[in-house]
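Computed from a prediction, not measured in an experiment: that's the story for all the values here. Letters go in sequence order (proteins before strands), and every chain restarts at 1. Values below: every heavy atom of this structure, side chains too, minus hydrogens, waters and symmetry copies.
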Number of protein chains: 2
Amino acid sequence: MKELVEFRAEILKALGQPTRLKIVDFLRDGERCVCEIFPAIGEEQSNTSRHLNVMLAAGVLSRRKDGLKIYYAIKHPEIIEVVDIVTGIVKLEIYGRHSLLKAVG
Amino acid sequence: MKELVEFRAEILKALGQPTRLKIVDFLRDGERCVCEIFPAIGEEQSNTSRHLNVMLAAGVLSRRKDGLKIYYAIKHPEIIEVVDIVTGIVKLEIYGRHSLLKAVG
DNA sequence: TCACTTCATGACCATATAGTCATATAGTAA
DNA sequence: TTACTATATGACTATATGGTCATGAAGTGA
């Protein structure tokens, strides 16, 4: 059986890729079909489909079928929290690096 | 210049690997030197060193030298938050899957 | 039936990653 | 100096990943 640490890593890894993060950002306001997602993030449909599947498998997204369209949504609101906290950390990091640059040169 | 989305992905990716997650878990209580970390997580010294470097570069860990030893610590308390939230999500996921298994057969 | 739309997937390629082993580097202490 | 400890890194291997292009599968509607 898969270890807890591997499940945790799988979720974080699923979120730790620029294209997938863009998808999560786009899904913030609610579910969207693939046909809306891939133009919004500027990626090919096939590539988008693969990334959606990675996040679906990790438990990051959920999926709903409606006729021809397949709607993906963020599965747990906690995912948004995680992404927001990380965004905050990045801002701290960037501020820190800029201050350092200023201090050095 | 690197995009914000890439910084965010870098942090999440740095956390999204079982060996690195074990390191973060071990560093919860405060800084530790490499010589404490690698036996604690059961990995080789060289491999541990590489993973520490990945997290250092991503801004997940900080580093402090003291004589021969190098102490690593979690750089931002928010990292712990992220990891904890993800652990919560995993528990929801595992519960969901088990319920499904029970419901199915 | 046929044409069309939406999404998933097979085949493939280039690159990245995790890990191992041996070695280099830096600091300590005799 | 020499010997030792702690950490980092070069060289390498096997596998994973992200992406593209072409095609398949499923649903819709004429």
In short, salt bridge (Lys or Arg N to Asp or Glu O under 4.0 Å) pairs touching residues 37-59 of chain B with sequence neighbours left out are none
Report all side-chain donor-acceptor pairs from residues 51-58 of chain A shorter than 3.5 Å, counting only partners two or more places apart or in another chain.
{"from": "A/H51", "atom 1": "ND1", "to": "A/R20", "atom 2": "NH1", "distance (Å)": "3.1"}
{"from": "A/H51", "atom 1": "NE2", "to": "A/N47", "atom 2": "OD1", "distance (Å)": "3.4"}

Sorted by chain and residue number, the side-chain hydrogen bond (donor to acceptor under 3.5 Å, both in side chains) partners of B/E31 (sequence neighbours excluded) come out as B/R64
Taking distance alone, no hydrogens or angles, what donor-acceptor pairs closer than 3.5 Å link side-chain atoms of residues 74-82 of chain A to residues at least two apart or in another chain?
{"from": "A/K75", "atom 1": "NZ", "to": "B/E93", "atom 2": "OE1", "distance (Å)": "3.3"}
{"from": "A/K75", "atom 1": "NZ", "to": "B/E93", "atom 2": "OE2", "distance (Å)": "3.0"}
{"from": "A/H76", "atom 1": "NE2", "to": "B/E93", "atom 2": "OE2", "distance (Å)": "2.6"}

From CD of A/E6 across to C1' of C/dA18 the rounded distance in Å is 14 Å
Distances for protein N/O vs nucleotides 23-29 of chain C N/O pairs under 3.5 angstrom?
{"from": "C/dG27", "atom 1": "OP1", "to": "B/K65", "atom 2": "NZ", "distance (Å)": "3.4"}

Per the under-4.0 Å heavy-atom filter, residues of residues 19-42 of chain A near DNA chain D come out as A/T19, A/R20
Measure the shortest side-chain to side-chain distance between B/V24 and A/R8 over non-hydrogen atoms and say whether it is less than 4.5 angstrom. no
Query raised in the report: Is the distance from OP1 or OP2 of C/dT6 to the nearest side-chain N or O of A/Y71 less than 4.0 Å?
Result: no
Here the residues of residues 47-54 of chain A within 4.0 Å heavy-atom distance, strictly under, of DNA chain D are A/N47, A/R50, A/H51
When every non-hydrogen atom of A/C33 is compared with those of A/Y71, the smallest separation belongs to N-CD2, 3.5 Å
By side-chain hydrogen bond (donor to acceptor under 3.5 Å, both in side chains), A/E10 pairs with (sequence neighbours left out) A/K2
When every non-hydrogen atom of A/I37 is compared with those of A/F26, the smallest separation belongs to CA-CE2, 3.8 Å
Hits for side-chain contact (heavy atoms from CB on, under 4.5 Å) against A/K91, two or more places apart or cross-chain, chain-then-number order -> A/T87
Contacts of A/K22 meeting side-chain contact (heavy atoms from CB on, under 4.5 Å) (sequence neighbours excluded), chain-then-number -> A/I41, B/V5
Interatomic distance, CG@A/D25 vs CG@B/L4, rounded to 0.5 Å, equals 9.0 Å
Got a list of protein N/O to nucleotides 14-16 of chain D N/O distances below 3.5 Å?
none

With sequence neighbours left out, the residues meeting salt bridge (Lys or Arg N to Asp or Glu O under 4.0 Å) with B/R63 are none
Original post:
So do the side chains of A/L15 and B/L15 get within less than 4.5 Å of each other, counting heavy atoms only?
Top reply: no
Indicate, yes or no, whether a donor-acceptor pair under 3.5 Å links the base of D/dC21 to the side chain of A/S46.
-> yes
Rounded to whole Å, the CG-P distance (B/L61 to D/dA8) equals 11 Å
